[in-house]
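Remarks on the structure that follows.
Along the sequence shown, residues carry numbers from 1.
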Amino acid sequence: MKKVIIIGGGMTGLAAAYTLEEKARGKVDYLLIEQENRLGGKIHTAKEDGFVLEGGPDCFLSEKPQVAQLSEKLGIEDRLLPSHEASKGSSVFTGGRLHKLPEGLMLMVPTKIMPFAFSSLISWPGKIRMAMDLFIPRRKGNQDESLGSFVTRRLGREALDKIAEPLIGGIHSGDPEQMSLKASFPRFLQMEEKYGSLIRAMLSARKNAPSRPQPTPGKVEKTYFMSFKGGMGELIETVVDRLDKSKLLLGQTVTGVKKREDGKYFVFIQGQDPLEADAIIVATPANVAADILREVDDIITGKLQEIPYVSSATVSLAYRRTDVKTDLNSFGFVIPRKENRKIMAVTYSSTKWHKHRTPNDEYVLVRAFVGGPGNQELVTIDDEKMLKMVQSEVKEIMGIDAKPVRTKIFRWVKGMPQYTMGHLERMEEVEKQLSKYPGLYIVGGSYRGVGISNCIGEGSGAAEKALAYLA
Ligand SMILES: Cc1cc2nc3c(=O)[nH]c(=O)nc-3n(C[C@H](O)[C@H](O)[C@H](O)COP(=O)(O)OP(=O)(O)OC[C@H]3O[C@@H](n4cnc5c(N)ncnc54)[C@H](O)[C@@H]3O)c2cc1C
């Protein structure tokens, strides 16, 4: 039987394995090799005494269909968890206090005049500058532009510093001045092209948005951010549950791949004999893929090495509700880099995921983000220092002085790929070179979208291509 080897057992590799299991059981064999002793990669949920502690992603965006579709196939739609809309909204910490993001702000664009006009977040000159988006002509030409340059050009510097950088850049833990708009947020470019103004585009989107459907009895309500009742790890556990365990090789590090004369591939694993495969799906981060593929093609390796990474850590803190006097009735807050704080953002997890993140209402759970482009060295400080630092920030910003009853730290060294200027051109070069190696696929969050939905799409897409090739 022909064999596909999948390297990497994060969401992307698992989606590939699930597709092969579903569509080619008994026809095409597969083996998934993962270096850790657990599967899921950056999706890592710890469940401790009734607390659901997310290490990496805490949600997916429902506007992309892949997670919902996969949940349906797996029969776990009833486990989906909408965010708690009654507490929707976030703040920005600037100038020593928290400012609510004005109602009607879509992504970073104001669409309601009054809440925006009365917002304390942006100064009057800043607001007038943002409104000028309505009159600024479209940019000519098709060359790539950084997110920072785009936002400054359309909405002004204050909108970049106080809204776009912490909110939009934060999705990638990235530096907006380095991030490629085309690769990271192509939607903004399309809006400018079509409407000549982000405000007009968002107003139109709001006008044409289907009204929020009334929840159907027995169906889970669909909100913009969605998770699972048991955390994002529930998706991983269910996918793994459906795979043939004899096809999962854990705790083994792939060190390289070689193409053979006859078109097959050798996969090298540390301390073991090489394995043979007819097709290979490389679903590791790009920096690892670069190394694994160094003997296949040095142009591919070179291009993949150009994708930089940023490190971050998440620190969950659970408190007794009676110890917290702070208003936690929102999804949390973000902090602009200019504020020079030690944390980037805090999510109020027990509010956002009402009743599903703590053992009962006696506790609250918050999650702080450390690191990012300006503070990467903080990610590797020891646990004691990290907790002291985060607690001190939480005290200064949120006024929580109490001792947490539980803490959990997850570190993601080089965890966030950066789609910097020229990213799409780099990807095109990689694709061009890859066409010389039929049966070899490189997929994952490092390339065409960091979201979990993209990863599922990429992994299952590669499996489909491998099946078509092997047929
Ligand atoms: C802190 C944080 C928060 C995030 N929040 C969100 C969010 O809210 N929503 C969202 O949609 N996305 C979010 N993301 C992004 C999302 O989690 C990732 O893009 C996605 O999980 C990547 O999946 P992947 O399978 O491509 O890669 P990974 O999850 O990195 O998996 C790659 C796997 O390859 C394995 N591997 C590496 N080298 C080797 C080797 N040599 N041999 C064998 N195996 C190897 C690794 O151990 C790992 O298991 C977040 C990411 C981080 C870090």
Side-chain angles (χ1 to χ4, degrees), residues 9-15 17-18 34-60 67-68 70-71 74-84 87 220 223 225-243 245 248 250-251 312-321 323-324 328 331-332 345-370 383 386-387 390-391 394 402-412 415 451-452 455-456:
M11 188 69 254
T12 309
L14 289 172
Y18 181 70
E34 164 57 49
Q35 71 176 2
E36 303 287 335
N37 284 314
R38 57 168 283 276
L39 291 159
K42 296 196 178 88
I43 303 183
H44 192 170
T45 308
K47 290 185 186 163
E48 296 179 1
D49 300 329
F51 288 99
V52 176
L53 307 161
E54 295 285 19
D58 77 337
C59 67
F60 63 93
V67 182
L70 180 58
S71 311
L74 295 167
I76 53 167
E77 312 105 287
D78 60 329
R79 300 293 301 162
L80 286 167
L81 178 66
S83 56
H84 187 239
S87 308
V220 174
T223 52
F225 301 114
M226 298 285 297
S227 185
F228 290 85
K229 288 176 184 155
M232 291 305 300
E234 207 172 324
L235 180 61
I236 299 295
E237 283 160 30
T238 318
V239 172
V240 173
D241 194 46
R242 306 295 153 84
L243 301 178
K245 305 299 170 291
L248 306 175
L250 302 193
S312 63
T314 61
V315 182
S316 291
L317 306 163
Y319 298 93
R320 259 179 244 291
R321 192 175 286 275
D323 286 347
V324 176
L328 297 182
F331 288 179
V346 174
T347 302
Y348 303 163
S349 312
S350 53
T351 310
K352 189 174 174 186
W353 311 112
H354 196 51
K355 294 197 183 293
H356 286 277
R357 293 297 176 260
T358 53
N360 56 48
D361 277 350
E362 280 174 36
Y363 300 96
V364 294
L365 181 70
V366 300
R367 183 167 81 139
F369 290 76
V370 174
D383 284 10
M386 174 83 85
L387 287 176
V390 170
Q391 278 175 254
V394 161
K403 195 172 173 318
V405 292
R406 182 172 297 267
T407 59
K408 187 91 186 168
I409 302 172
F410 288 90
R411 293 182 173 77
W412 302 107
I452 294 164
C455 294
I456 295 174

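- Contact of the Y363 side chain with the R321 side chain is not registered, since no non-hydrogen atoms from C-beta on lie closer than 4.5 Å.
- The side-chain heavy atoms of L243 and Y18, taken from C-beta on, include a pair separated by under 4.5 Å.
- Summarising the geometry of P82 relative to V220, their closest heavy-atom pair is CD-CG1, 3.6 Å, with the distance given to 0.1 Å.
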Inset, instruction - Apply the test side-chain contact (heavy atoms from CB on, under 4.5 Å) to residues F60 and I456: give CA-CA distance (whole Å), side-chain angles for both, the deciding distance (0.1 Å), then the verdict. - result: CA-CA 11 Å; F60 63 93; I456 295 174; over 6 Å; no
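- In this structure, D49 and P359 approach most closely via the heavy-atom pair O-CG, 3.5 Å.
- A donor-acceptor contact closer than 3.5 angstrom is absent between the side chains of S316 and R357.
- Within the 4.5 Å cutoff, side-chain heavy atoms of E48 are placed close to those of L53.
- R38 CZ: more than 12 foreign heavy atoms inside a 6.0 Å radius.
- Considering L80, T45, L81, T238 in turn, L80 is the only one that fulfils the side chain to side chain contact (heavy atoms under 4.5 Å, CB included) rule with F228.
- Between I236 and M11, the closest side-chain pair of non-hydrogen atoms falls below 4.5 Å.
- Here K42 contributes atom NZ and I452 contributes atom CD1; the two are 11.5 Å apart, rounded to the nearest 0.5 Å.
- With respect to L14, the side chain to side chain contact (heavy atoms under 4.5 Å, CB included) criterion is satisfied by exactly one of L235, V240, I43: V240.
- Across all non-hydrogen atoms, the minimal contact from A15 to C455 is CB-O, 4.5 Å.
- Note: M226 CE to S83 OG = 8.0 Å, rounded to the nearest 0.5 Å.
- Looking only at side-chain heavy atoms (C-beta outward), L365 and W353 stay at 4.5 Å or farther from each other.
- For the atom pair NE2 (H356) and OG (S227), the distance works out to 10.0 Å, reported to the nearest 0.5 Å.
- Here the side chains of Y348 and H84 are not in contact, with every heavy-atom distance at 4.5 Å or above.
- In this structure, CD in Q35 is found 11.0 Å from CG in L250, a value given to the nearest 0.5 Å.
- Scanning all heavy atoms of the two residues, the minimum distance from A46 to K408 falls at CB-CE, 3.9 Å.
- Using a 4.5 Å cut-off on side-chain heavy atoms (C-beta onward), R79 and S71 make no contact.
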Inset, instruction - Walk me through it: do V364 and T358 pass the test side-chain contact (heavy atoms from CB on, under 4.5 Å)? - result: CA-CA 7 Å; V364 294; T358 53; 5.7 Å; no
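- For the atom pair CG of D383 and OG1 of T407, the computed distance is 8.0 Å after rounding to the nearest 0.5 Å.
- Looking only at distances, a side-chain donor or acceptor of R367 sits under 3.5 Å from a matching main-chain atom of E54.
- Side-chain contact between V239 and L70: present, with at least one pair of heavy atoms (C-beta onward) separated by less than 4.5 Å.
- The two residues G55 and T314 make their nearest non-hydrogen contact at O-OG1, 2.8 Å.
- Under the 3.5 Å distance criterion, the side-chain polar atoms of T223 are matched with a main-chain donor or acceptor of F225.
- Taking NZ of K355 as the reference point, atom OG1 of T351 lies at 11.5 Å (rounded to 0.5 Å).
- Here the closest non-hydrogen pair linking M232 and P57 is CG-O, 3.5 Å.
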